[in-house]
There are 2 protein chains.
Amino acid sequence: MQRTGFAKAECPVARALDAIGDWWSLLIVRDAFDGLRRFGDFQRNLGIAKGMLTARLRKLVETGVLEQVAASDGSAYLEYALTKRGHDLFPIVVSLRQWGEAHLYARGEPHSVLLDHAGQAVGQLVLPSKNGKPLSWADTKVRKVAARRR
Amino acid sequence: MQRTGFAKAECPVARALDAIGDWWSLLIVRDAFDGLRRFGDFQRNLGIAKGMLTARLRKLVETGVLEQVAASDGSAYLEYALTKRGHDLFPIVVSLRQWGEAHLYARGEPHSVLLDHAGQAVGQLVLPSKNGKPLSWADTKVRKVAARRR
DNA sequence: CGAACTGGTCTTAAAATAGGACTAGACAGG
DNA sequence: CCTGTCTAGTCCTATTTTAAGACCAGTTCG
């Protein structure tokens with residue numbers, strides 16, 4: 001009765017959830033985007049059990065989202081840094097953030113916000129189309145399985 | 001030792017994960033975007049245990065992502081339909097899909113793809129900035145807690 | 001050198017999950 | 001209008017996952 005896995009699903013959404021769709025992984029990644037790099041930083045900031053954190057970090061390293069690098073402060077410890085693949089998770093974290101901001105706060109309730117380099121709140125993620133108008137859920141359809149190409 | 005909850009976190013990412021960040025909810029939502037509406041359709045398509053599906057659907061209805069509506073075929077059964085809040089999950093599902101497509105398939109391995117109304121594969125989600133250039137992770141920063149406004 | 005910090009491992013109890021048996025009401029056919 | 005099947009669940013059990021904290025070896029600080 002092992003938890004169902006989706007690693008071999010044909011659907012990319014299912015595979016992505018298999019890789020990073022548990023309760024902690026995306027929060028670790030969010031913290032990594034905020035600049036956290038050390039085991040203890042993640043542990044204190046998230047309040048996660050250490051064994052859990054060990055397991056999650058290990059899986060994220062295996063998946064290629066994080067990598068262990070020498071500590072930036074010159075000490076003998078290791079740090080966890082986002083890889084290219086990890087940085088590519090940015091739209092996922094932002095989309096979760098924007099949905100959360102829009103739907104899960106009472107009016108006036110304080111929450112963190114995402115700013116650009118100029119200190120301006122950023123706009124919504126958009127899915128561009130040829131003619132410049134953003135695509136919505138109603139404009140798209142999934143083709144079940146792509147033909148094997150190349 | 002109840003699973004840690006993030007419902008009251010100040011971070012919107014954490015709240016979003018609390019609401020829809022489990023192993024099944026986003027797959028149910030994905031199927032709903034694909035047009036599935038009935039209990040049995042979700043159950044057969046996902047291979048999920050029925051008790052699990054019952055619990056997930058109930059939570060998604062509570063969260064306001066799905067709502068129960070009369071069956072579209074005129075029978076006495078109910079169907080689950082995406083609400084506005086549910087449709088707003090579209091960027092999350094798309095960002096997961098695009099990350100999965102980019103990183104979790106061997107070259108040439110078949111997978112489903114997202115098409116626009118014209119049958120063209122859609123482009124990448126982008127986070128627009130004032131000057132038109134998309135923002136990346138390096139261009140943004142989180143302000144920890146927004147001042148209470150209004 | 002000794003104390004505290006770092007980054008873990010191990011153990012335990014509670015909770016979540018998978019899988020399947022069972023069921024009440026809806027529906028379709030004869 | 002009777003019966004068999006379908007639908008949408010509930011309930012039970014075995015197993016896995018999680019939370020929480022005790023413990024520990026190597027590193028750094030004073």
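Residue numbers start from 1 in every chain, and the chains themselves are labelled A, B, ... in the order their sequence lines are given, proteins ahead of strands.
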C/dT9 phosphate, OP1 or OP2: any side-chain N/O from A/Thr54 under 4.0 angstrom? yes
Sorted by position of nearest nucleotide on DNA chain C, 5' first, the leading residue of A/Gln68 and B/Tyr77 is A/Gln68
Whole Å only: how far is the CG atom of B/Leu53 from the P atom of C/dG19? 14 Å
Starting at atom CG of A/Leu27, determine the distance to atom P of D/dT18, rounded to an integer number of angstrom. 14 Å
With heavy atoms under 4.0 Å as the rule, sort B/Leu78 into base, sugar-phosphate or nothing. sugar-phosphate
Closest to side chain of A/Lys50, choosing from C/dG7, C/dA26, D/dG9: C/dG7
Phosphate OP1/OP2 of C/dG8 contacted by A/Arg58 side-chain N/O (<4.0 Å): no
Have B/Arg85 and B/Thr63 got a donor and an acceptor in their side chains that come within less than 3.5 Å? no
Taking the six-membered ring for Trp, is the centroid-to-centroid distance between B/Tyr80 and B/Phe39 below 6.0 Å? no
Rounded to the nearest angstrom, tell me the gap between atom CG in B/Leu46 and atom C1' in C/dA18. 14 Å
For the pair made of CE in B/Met52 and P in C/dG20, what is the distance, rounded to whole Å? 15 Å
Across the strands shown, which category fits A/Phe42 at heavy-atom distances under 4.0 angstrom: base, sugar-phosphate, nothing? nothing
Could you state the CG-P distance from B/Asn45 to D/dA8, rounded to the nearest angstrom? 14 Å
Supply the atom-to-atom distance B/Ile20 CD1 to B/Ser25 OG, rounded to the nearest 0.5 angstrom. 7.5 Å
To the nearest 10°, give me the bend of the helix from C/dC1-D/dG30 to C/dG30-D/dC1, comparing the axes of its five terminal pairs at either end. 30°
Is the centre of the A/Trp24 ring less than 6.0 Å from the centre of the A/Phe42 ring? no
Hey, which of these two, A/Ala49 or B/Asp41, hits DNA chain D nearer its 5' end, going by closest nucleotide? B/Asp41
Would you tell me if any nitrogen or oxygen in the side chain of A/Arg38 comes within less than 4.0 Å of OP1 or OP2 on C/dT6? no
Phosphate OP1/OP2 of D/dT18: any A/Arg56 side-chain N/O under 4.0 Å: yes
So, the side chain of A/Tyr105 versus the backbone of B/Glu10: is there a donor-acceptor pair under 3.5 Å, distance only? yes
Below 4.0 angstrom from OP1 or OP2 of C/dA15, is there any side-chain N or O of A/Trp23? no
B/Val65 versus B/Lys59: any side-chain heavy-atom pair under 4.5 Å? no
Under 4.0 angstrom between B/Thr4 side-chain N/O and D/dA19 OP1 or OP2: yes
